[in-house]
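Structure, as structure tokens:
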Amino acid sequence: MTDSRSISFAAGPRESVPLAVLRDVRKTYVMGDEQVHALDGVNLTIDHGDFLAILGPSGSGKSTMMHILGFMDKATGGEIIFEGEDVSRISAARRAWYRANRVGFIFQAFNLLPRLSVLENVILPMRYSRECDMREATARAEHAIERVGMTHRLHHRPSQLSGGERQRVAIARSMVNRPGIILADEPTGNLDSKNVGRILELLESLLVEGLTVIMVTHDLGVAEHARRVIAMRDGKIQEDRRR
Ligand SMILES: Nc1ncnc2c1ncn2[C@@H]1O[C@H](COP(=O)(O)OP(=O)(O)O)[C@@H](O)[C@H]1O
Ligand SMILES: [Mg+2]
């Protein structure tokens with residue numbers, strides 16, 4: 001039985017290998033006669049516990065990269081090793097398992113389900129993953145919600161929250177399954193500067209617990225919080241800088 005009060009965000013079963021290795025990863029969309037190379041040969045090693053920011057102009061492949069890292073989309077070429085397993089050609093069921101259990105998502109538009117309360121939204125990923133019973137799921141969700149300072153809004157609907165509060169709930173939801181990696185696509189895009197600061201603080205607190213965070217942003221000031229900044233252009237990594 002897991003003690004929900006001492007959630008440990010373990011980095012996954014195989015800490016001795018990098019979290020993810022991408023080799024010559026490609027994603028090509030065929031649009032009539034035209035091919036769109038959304039990812040055009042990406043090579044990248046992501047270490048456990050790292051905090052990466054991905055910068056780049058609109059259309060440079062940032063979201064495509066996040067979808068592929070998050071098992072939401074499949075690459076059309078190259079190789080991806082995730083937590084030591086070659087996931088380039090795994091079954092749909094295995095992909096779904098990774099998506100449900102090893103990845104947490106935070107989106108710019110929050111993507112909370114409007115009909116569900118804060119608590120129900122945060123419980124949802126655990127219902128998909130089916131790795132714990134309802135009692136434990138509730139306890140874990142309450143703990144995650146406490147972490148983001150939203151306990152006073154457990155039974156509110158998303159529409160009854162401010163943008164910053166919704167994003168805090170989205171962060172609670174993303175971490176509740178104890179994933180190896182949090183993928184955040186412009187998590188501060190819709191927020192004022194005070195809330196941006198708060199969201200960054202929360203993301204940084206996840207790192208302390210061994211989580212890996214990858215964040216897409218347009219904002220150089222936001223990217224400065226990351227330890228490693230990757231600049232993308234035309235589906236390629238143009239620059240990869242450690243701070
Ligand atoms: N489903 C799709 N079908 C066709 N082209 C797509 C699709 N998704 C993205 N693209 C194209 O791939 C490129 C990269 O898109 P995206 O990863 O969303 O960029 P970014 O997030 O950096 O703005 C863009 O040129 C975009 O138009
Ligand atoms: Mg995008």
Side-chain angles (χ1 to χ4, degrees), residues 4-12 15 18-20 44-56 62-63 65-66 69-70 82-83 102-112 118 121-122 125 140-153 161-232 239-243:
S4 65
R5 294 285 116 183
S6 61
I7 290 181
S8 116
F9 296 96
E15 278 194 66
L19 179 82
L44 181 66
T45 298
I46 301 163
D47 294 320
H48 290 284
D50 210 351
F51 184 12
L52 272 80
I54 302 183
L55 283 166
K62 306 181 298 295
S63 291
M65 176 110 120
M66 299 295 262
L69 278 171
F82 192 91
E83 293 182 338
R102 301 304 305 148
V103 190
F105 296 97
I106 305 167
F107 303 94
Q108 177 177 10
F110 320 116
N111 291 71
L112 301 173
V118 163
N121 263 286
V122 177
R140 274 211 227 169
E142 285 172 354
H143 181 61
I145 292 166
E146 191 183 316
R147 282 280 312 272
V148 301
M150 288 298 295
T151 301
H152 60 307
R153 295 286 184 265
L161 304 174
S162 73
E165 289 176 330
R166 282 184 225 172
Q167 200 58 306
R168 275 149 63 195
V169 174
I171 291 178
R173 184 187 54 182
S174 77
M175 67 182 177
V176 79
N177 265 348
R178 305 166 187 169
I181 189 166
I182 300 272
L183 299 171
D185 199 344
E186 309 228 18
T188 59
N190 283 332
L191 304 178
D192 59 60
S193 60
K194 185 168 149 244
N195 277 303
V196 168
R198 226 168 150 175
I199 296 304
L200 285 169
E201 260 172 45
L202 276 172
L203 290 177
E204 280 163 352
S205 78
L206 297 177
L207 299 170
V208 178
E209 304 185 29
L211 264 159
T212 306
V213 176
I214 303 192
M215 167 179 74
V216 167
T217 181
H218 268 114
D219 187 330
L220 281 172
V222 168
E224 287 301 306
H225 287 259
R227 294 187 197 137
R228 183 178 177 192
V229 179
I230 286 174
M232 290 192 70
E239 203 190 322
D240 184 346
R241 186 163 53 86
R242 279 203 172 275
R243 307 193 324 113

Q | Distance, nearest 0.5 Å, that separates CZ of R140 from CG of N177 | A | 6.0 Å
Q. Nearest 0.5 Å, what's the CG-CD distance between L55 and E239?
A. 9.0 Å
Q: Spell out, as yes or no, whether a donor-acceptor pair under 3.5 Å connects the side chain of R166 to the backbone of L112.
A: no
Q | Distance-minimising heavy-atom pair for Q167 and I106 | A | OE1-CG2, 3.5 Å
Q) For V229, does its backbone N or O pair with a side-chain atom of R241 as donor and acceptor, under 3.5 Å? A) no
Q) Are N111 and R173 side-chain neighbours, meaning at least one heavy-atom pair lies under 4.5 Å? A) yes
Q.
Can you confirm whether more than 12 heavy atoms, excluding those of R198, are under 6.0 Å from its CZ atom?
A. no
Q.
For M66 versus I214, what's the shortest heavy-atom pair and its separation?
A. CE-O, 3.3 Å
**Q.** Residue pair I181 / F82: nearest heavy atoms and the distance that separates them
**A.** CG2-CZ, 3.9 Å
**Q.** Side-chain heavy atoms of L19 within contact of E83, under 4.5 Å
**A.** yes
Q.
According to salt bridge (Lys or Arg N to Asp or Glu O under 4.0 Å), who are the partners of D219, at least two apart in sequence or on a separate chain?
A. none
Q | L161 vs M150 side-chain heavy atoms within contact, under 4.5 Å | A | yes
Q: Determine the minimum heavy-atom distance between S174 and I182, stating which atoms define it.
A: OG-CD1, 3.3 Å
Q | Test side-chain contact (heavy atoms from CB on, under 4.5 Å) applied to S162 - qualifying residues, sequence neighbours left out | A | E165
Enumerate, atom names and distances included, each donor-acceptor pair closer than 3.5 Å involving a side-chain atom of residues 221-228, sequence neighbours excluded.
from : atom 1 : to   : atom 2 : distance (Å)
E224 : OE1    : R243 : NH1    : 3.0
H225 : ND1    : E204 : OE2    : 3.1
R227 : NH1    : G49  : O      : 2.6
R228 : NE     : D240 : OD1    : 2.9
R228 : NH1    : T45  : O      : 2.7
R228 : NH2    : T45  : O      : 3.4
R228 : NH2    : D240 : OD2    : 2.8

Q) For the residue pair I54 and M65, what are the closest heavy atoms and their distance? A) CD1-CE, 4.0 Å
Q | Shortest non-hydrogen contact between D50 and L207, atoms and distance | A | O-CD2, 3.6 Å
**Q.** Spatial distance of atom CG (L183) from atom CG (L69) [nearest 0.5 Å]
**A.** 6.0 Å
Q: Kindly indicate whether the side chain of I199, heavy atoms from C-beta on, has any atom under 4.5 Å from the side chain of R168.
A: yes
Q. To the nearest 0.5 Å, what is the distance between CD1 (I171) and CZ (R147)?
A. 10.0 Å
